[in-house]
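In this chain, numbering begins with 1 at the start of the sequence shown.
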Amino acid sequence: MKGKVGILLAMVVLFGVIASGCIGSQESSETETTGVELTGDFTKDILAIGRTLESNGINEVKFSAWGSGDPNSVMRVYGIVEAARRINKVWEENEVNVKITITDIHYVASFQDAYQEYLSKQPLGQAGDFFVNSYAFLPTLADEGYILDITEYANAYQNVIDDFYPSLIEASKFNDKLYGLPQDTEARPLYIRKDVAAKIGFNLEGIEEKVKNGEFTWSDVYYWAKKAKESGAAEWGLIHRKGSAHPDLIQFIYAFGGKLYNEESGKLVVDVPAVYKWLYVEWKFAQDGLLPKDIMSWDWAKQIHPAIVEGRTLFDIGGTWYWTEWQTKDYYGKEGTPRPLKPEEVQAWFTYTLFPAGEKGLKPVTLSQPFVWMINSKAGQQNPKYDELKDLYHKLAFLMVIKASDPDINAIHSVISAHLPVRKEAAELISNEKWLDDLKSLSIDLDPQVKSNIKDIVATTVHPINAKFLADVSYMLEYTKLAPAHPKYPALADIFKEAVDKVLRGDMTPEEGVNYIIQKVNADPELAQNVEVVGEIPKDWTLQ
């Protein structure tokens with residue numbers, strides 16, 4: 001009897017082992033049919049993903065691309081379209097019956113509006129699969145779980161990651177995890193009108209070096225701006241952008257030796273001495289009639305840019321992208337009918353330097369606001385078997401961003417939008433005359449839809465003068481600063497903006513402006529917990 005029981009138990013155990021093995025084999029089989037490990041070999045990886053999709057009955061993958069910016073920066077979305085074409089081509093050539101279709105190309109002018117729309121559509125599952133926007137929004141999107149952590153994927157593509165400028169990769173991280181790849185960046189030069197300078201005896205020879213060495217400061221800017229105004233050479237001494245203090249004007253804080261973020265505490269900083277000097281400069285320029293008191297409400301197209309391109313100001317705080325925007329928009333109306341400038345006119349009328357040091361002994365700066373390709377954490381959800389194939393769709397989305405970052409795509413974007421390239425290979429391409437000629441004639445391998453949408457921009461912007469400008473300003477990235485990638489920074493920037501507007505209009509003194517900022521910060525408990533107020537208002541400080 002004992003022998004029969006032993007045999008029975010052995011059979012049960014054997015059956016269990018066999019059953020277990022069968023189940024294990026089934027799991028292993030499912031893993032093999034839905035999972036692909038990235039190797040860093042793009043063609044190999046994309047073929048593996050394509051064949052796995054096909055074996056799961058997927059023949060079309062739909063994605064949407066959302067982006068924002070000036071009219072010349074449309075490659076922020078068409079780069080994704082081109083990436084899809086290049087991947088489709090690989091699949092087609094290797095008889096993989098799968099195709100990527102970009103179903104929704106959503107491009108709006110205001111990057112802030114685009115961000116708000118992206119946020120509002122997230123709970124509804126209607127936000128774009130790809131989202132290119134300022135790195136400043138990345139921490140919030142990452143913290144909310146709205147965008148994909150691509151750290152592990154990127155590790156397999158370290159050879160590509162290493163070609164990006166390191167500071168831009170750092171700007172694409174949150175809590176030491178990578179949440180995007182840089183799409184473009186820029187510098188914010190101080191533009192100087194050569195013709196206005198000539199009228200007042202302002203010798204611009206060697207001005208770039210003087211600014212670099214801290215010999216030409218904001219006191220000098222004030223001196224020449226006042227001379228231009230009082231002599232009648234220009235209506236204004238200085239024009240700057242309006243809007244949030246975030247993009248441009250916080251350069252004053254860095255130029256006066258201040259900081260905006262404490263890395264040790266992880267908190268934002270209101271650096272009182274630097275903020276006071278910034279507000280004092282704004283107030284002084286406005287009170288002396290060198291800067292419009294209502295500049296923060298000026299219209300971009302009807303007031304700000306025409307004042308610059310028509311030579312009604314000596315100085316302008318702008319961005320590198322102004323260089324080509326002036327060549328594509330009808331801002332110049334001095335001869336009657338508004339028209340864009342010619343490359344030769346922009347070159348003849350403007351020179352450019354770093355943002356000067358606030359005072360002697362300090363350093364010049366510039367500011368960059370990298371735009372970043374981000375991937376929705378639910379990327380691909382509009383496709384079949386999403387829950388089962390989610391990992392596959394996410395890896396495909398990552399490889400699309402890798403492809404959209406091809407050096408030639410990045411170089412095209414840089415040349416036609418006057419943003420700086422984010423990859424070293426793209427920077428080399430821009431200085432290649434043959435490549436520029438091919439781009440000018442659109443004799444390059446691009447999706448017909450992409451060609452059609454950039455044709456007019458290419459015709460007006462691809463020019464050796466513009467390529468030289470990009471080469472000339474690239475050094476500015478060595479001096480660049482970034483606004484803090486902190487979820488509460490946009491709220492602090494809005495308070496800065498309000499204070500600047502009030503001191504410009506003369507509603508507050510610079511000291512009252514600083515106190516207003518501190519009061520507003522303290523009135524918001526959540527913001528107060530994330531902001532340190534350091535230093536005191538300097539005594540008897542003036543702009544000499």
So, do [X] and [Y] sit near enough that their side-chain heavy atoms are less than 4.5 Å apart?
X	Y	answer
Asn88	Arg85	no
Leu354	Leu190	no
Val401	Met374	no
Trp435	Leu429	yes
Val500	Met296	yes
Ile253	Val275	yes
Leu420	Asp184	no
Asn376	Gln122	yes

Pair [X] + [Y], salt bridge at N-O below 4.0 Å:
X	Y	answer
Arg86	Glu82	yes
Lys99	Glu92	no
Asp524	Lys520	no
Asp391	Lys395	yes
Lys89	Asp445	yes
Glu428	Lys424	no

Do the ring centers of Phe252 and Phe355 come within less than 6.0 Å of each other? yes
Would the Trp278 and Phe496 ring centres measure less than 6.0 Å apart? yes
Using a cut-off of 6.0 Å, state whether more than 12 heavy atoms not belonging to [X] lie near its atom [atom1].
X	atom1	value
Lys329	NZ	no
Lys481	NZ	no
Lys44	NZ	no
Gln126	CD	yes
Lys385	NZ	yes
Glu536	CD	no

Atom pair [atom1] ([X]) and [atom2] ([Y]), whose distance is rounded to the nearest 0.5 Å:
X	Y	atom1	atom2	answer
Arg241	Ile239	CZ	CD1	13.5 Å
Arg423	Leu181	CZ	CG	9.5 Å
Lys173	Tyr179	NZ	OH	12.5 Å
Leu446	Asp408	CG	CG	7.0 Å
Ser368	Arg188	OG	CZ	7.0 Å

Those residues that, when tested against Trp321, pass ring-ring contact (aromatic ring centres under 6.0 Å, His included) (two or more places apart): His419
Applying the side-chain contact (heavy atoms from CB on, under 4.5 Å) criterion to Leu477, which one of Thr185, Thr366, Leu168 satisfies it? Thr185
Flag this pair as yes if the NZ/CZ of Lys259 is under 6.0 angstrom from the six-membered ring centre of Tyr254 and inside a 45 degree cone about the axis; otherwise no. no
Derivation and outcome, side chain to side chain contact (heavy atoms under 4.5 Å, CB included), residues His413 and Gln183: CA-CA 9 Å; His413 172 74; Gln183 189 271 332; 3.5 Å; yes
Criterion side chain to side chain contact (heavy atoms under 4.5 Å, CB included) on Tyr352 and Val473, from CA distance to verdict: CA-CA 8 Å; Tyr352 34 84; Val473 297; 3.8 Å; yes
[X] versus [Y], closest heavy-atom pair with distance:
X	Y	answer
Ala379	His394	O-CD2, 3.3 Å
Leu399	Tyr157	CD2-OH, 3.5 Å
Asp149	Thr151	OD1-OG1, 2.5 Å
Val81	Val450	CG1-CG2, 3.9 Å
Ala397	Phe130	O-CE2, 3.4 Å

Is a side-chain donor-acceptor pair under 3.5 Å present for [Y] with [X]?
X	Y	result
Tyr115	Asn133	no
Tyr261	Asp271	no
Gln158	Asp162	yes
Gln369	Tyr135	no
Glu425	Asn410	no
Ser73	Asp70	yes
His305	Trp326	yes
Thr461	Thr324	no

Without placing hydrogens or testing angles, list every side-chain donor-acceptor pair under 3.5 Å for residues 60-67, not counting sequence neighbours.
from: Glu60; atom 1: OE2; to: Thr101; atom 2: OG1; distance (Å): 2.7
from: Ser64; atom 1: OG; to: Asp129; atom 2: N; distance (Å): 3.1
from: Ser64; atom 1: OG; to: Asp129; atom 2: OD2; distance (Å): 3.3
from: Trp66; atom 1: NE1; to: Asp104; atom 2: OD2; distance (Å): 3.2

How far apart are the C-alpha atoms of Phe371 and Val422, what are their side-chain angles, what is the distance that settles it, and do they pass the side chain to side chain contact (heavy atoms under 4.5 Å, CB included) test? CA-CA 10 Å; Phe371 265 49; Val422 294; over 6 Å; no
Determine whether Asn159 and Ile161 satisfy the following criterion, side chain to side chain contact (heavy atoms under 4.5 Å, CB included), listing intermediate values before the conclusion. CA-CA 6 Å; Asn159 59 328; Ile161 302 301; over 6 Å; no
